[in-house]
Amino acid sequence: MTRQPLALALAVAFGWHGLPLQAVAETALDTVSVEAEAIDDVLDETATTTTITSDQISREMAGNIKSAVRYEPGVSVTNSPSRFGLSGYNIRGIDGDRIGLQIDGVDLPEAFKIGGYSNAGRNMVDVSLLKSINILRGPDSVLFGSGAIGGAVSYVTPEPEDWLVPGQTLGGGIEGQYYSANDSAALIPTLAAGNDTLKFLLRAVRRSGHETEAMGTLDVQGPDRTVANPQDDDVLSGLLKIALIPDQNLRTTLTLEGFAQDINTDILSIVRGTTIAATAEDRYRRQRISLDQSIDGLAIGALDIKLYHQTSTTTQDTFDDRSASNPASYVTRGFEVEQAITGLKIGFDSLFEARGAHRLIWGLDLTQRKTEELRTGQECYPDFNICVSEVSGVPYPDRDYPRSTVDELGLYGQDTWMLSDTWTVILGVRYDYYHLDPEADAIYLGTGLPLAQQKPVPQSYTTDAFTPKIGAIWHFAEGYELRGRYVFGFRAPPFDDANFGFSNVNAGYVSLPNTNLEPEYSQGQELSLLHNHVSGTWSITAYNTDYENFIGLETLNCPDAPATADPLCVPASLPGTYLDAFQPQNLDDVRIYGLEAGFTQMLAPNWQMRGSMAYARGREGNGNPIDSVNPLSGVLGIAYKRAAWQAEAMLTMAAAKQEDDARHADNGNLEKQFLTDGYAVLDLRAHWEFAENGHLSFGILNATNQKYTPWSDVPVSDPNHVADSGSGPDRYTQPGRNYTLNISYNF
């Protein structure tokens, strides 16, 4: 047959690169109708990506983001078990806001943490609500914009068509889950209805549980406690989509999506000294409305327009009973972060021929992000019937950064250029403009407080950057591909670093803002060899990423000798002395490199094996290890399926963290609390399709009752600021042998 370049471009557009090229072209030509991915879902074919589908989430009985990626070496989720729980993703040793995180193309809230009583994380999506989780390893600012210098995670919610069989006007399902590790249960109902012109989808998740078990046995109050703190955790998440499709080239979709989580904790692990009890009430809320307009059949291809508004609020209240003190007192601390983001995305998807076939994704992103943070506190003395707005020498209310508005503009283009049956080239470039506009008030400035506790007037900040990338795919033999890419990443200095300020004069330290920060950049090189054959697949990837201008909190030189002190040092009350001073600064360059590999293999009829591994190593320019890099890890699984039954075993392994690969403080001590041992954890599952659309799964996780701690869960040792961070390793262990149950039925 004669291959047509446009047909080959369509093959790329519809994501069939994993097939041998000839089969791709023939499939594209013979298919009567196909549904292309949305522009928001497009990824770079040369990148290392993973898609976790809703079916996987259900069959693997994943109830949160940590369990959803448990079988993804090189990807982890950080956890704070004493109170705050899961936070965000770690990809190839990079975590926090350096990982792009979005849902349906809308950025999710940023993280902010200060001390042991305030922690706004990024875990504001229930995985059971989703259609898929797309994970991109390595930088890619072209498609994800400022922030994705270490990788990106993209959540995709379902459409009504995912639940409506062609010709059917009503569909849906019901799913129930149970997890013994935290004695939690979830109910997930779904309803879809419509016709060819109008469709809607309603999906919800109601989840309720308690603290997640650890394998510690010391059930005492105070920092030595290793049993999990008592906790109640309730989640309600919902999705409504209404799609209007007047003809095959037009689609308008209205999306309403929300997330609410309430966590109440009895923080027994911080009870010490005069504090005889401590409790916490943490509330997380996020709401999104978006309007999407898709137009196909235009002369320049397809057009997608997305207009959205999202609000999120983190509210955390802590109550300390200090009735053992003299005089007795009760302390209340409050923390609240509100963030609102409004945006417009205009994206084009163009197919054309010019010395080969091209798929060009191009467009613009406009966003405005408004963030406001406030900490409050008071100490009440019942014997004297008075309350003071001060706790441990810190006056309240206080803002750690001013009200901040960030305006961003992104212009991007990515061309997937199929030169021939053998070669495909991907070229991309993005321009980002970033402007920070702070709004100071008396609370932030500390008006009326002593000079050492006042903050300077915040400064605006503007920067921009071009981030290019180039990649290529070479089909050098039947079923073989060699993929390579060179990509750049960009991250503007966060608003909470540029104008961050905090002081505790009684404790003798102060944190200072820095509006002279340089943006963070990354340059990543990646090479992958892949092979698809009749009975399976395998791949191996080598990568190297260099990061410039990493921003971290540094200690200023503030000795008790004015002649040698940094000019930014703040004088203490004693003449000739200074407070300890900290400031966000650009650090030494960082390099992270590693290897990843994976395979699937049919061993015999009904038997399949799969496995993967990830090795990474990270160093600063001065040779210091990067603590966020996880040890060598791997997964090996085997499954047997026959008729309506399937059984599988998954072995998750990790090497021990070596001392020469862990970061040490200036005094020689580990910066994290302890080094983790190597481990191997066995999970067993059985699945039964009891009806055409009915499914029952049962799992025994950690079947051998292995005591283990992932390196990503080990906290930094900071007992001065985090009251319960001085305990032994047992507090941070994962659950012992535990059980999961999932039952679902669709109609």
(request) Identify which one of D262, T311, T315, T313 satisfies the side chain to side chain donor-acceptor pair (under 3.5 Å) criterion when paired with R285. (result)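 It is D262; the other options fail the test.
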(message) Using a 3.5 Å distance criterion without hydrogens, assess whether the side chain of R685 forms a donor-acceptor pair with backbone atoms of E60.
(response) yes
(message) Donor-acceptor pair, distance only, cut-off 3.5 Å: does the side chain of K345 make one with the backbone of K306?
(response)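 Such a contact is absent between K345 side chain and K306 backbone.
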(message) Classify the ring geometry of Y431 against F466: parallel below 30°, tilted from 30° to 60°, perpendicular beyond 60°.
(response)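 Y431 vs F466 ring planes: tilted.
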Answer yes if the side chains of [X] and [Y] hold a donor-acceptor pair under 3.5 Å, and no otherwise.
| X | Y | result |
| --- | --- | --- |
| Q414 | K469 | yes |
| E526 | T48 | yes |
| D55 | S58 | no |

(request) Specify the closest pair of heavy atoms between V142 and Y412, including all atoms of both residues, with the distance to one decimal. (result) O-CB, 3.5 Å
(request) Would you name the heavy atoms of E353 and H358 that are closest together and state the gap between them? (result)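 Scanning both residues, the minimum pair turns out to be C-CD2, 4.4 Å.
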(request) Using a cut-off of 6.0 Å, state whether more than 12 heavy atoms not belonging to D196 lie near its atom CG. (result)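 It does not: D196 CG has 12 such atoms or fewer within range.
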(request) Assess whether side-chain hydrogen bond (donor to acceptor under 3.5 Å, both in side chains) is satisfied between R288 and S290, documenting all intermediate values. (result) CA-CA 7 Å; R288 171 174 66 100; S290 60; 3.2 Å; yes
(request) Run the salt-bridge test on R286 and E257 with the 4.0 Å N-O cut-off and return the result as yes or no. (result) yes
(message) Please determine whether a side-chain nitrogen of the Lys or Arg among D97 and R122 lies less than 4.0 Å from a carboxylate oxygen of the Asp or Glu.
(response)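 Result for this pair is yes, salt bridge flagged.
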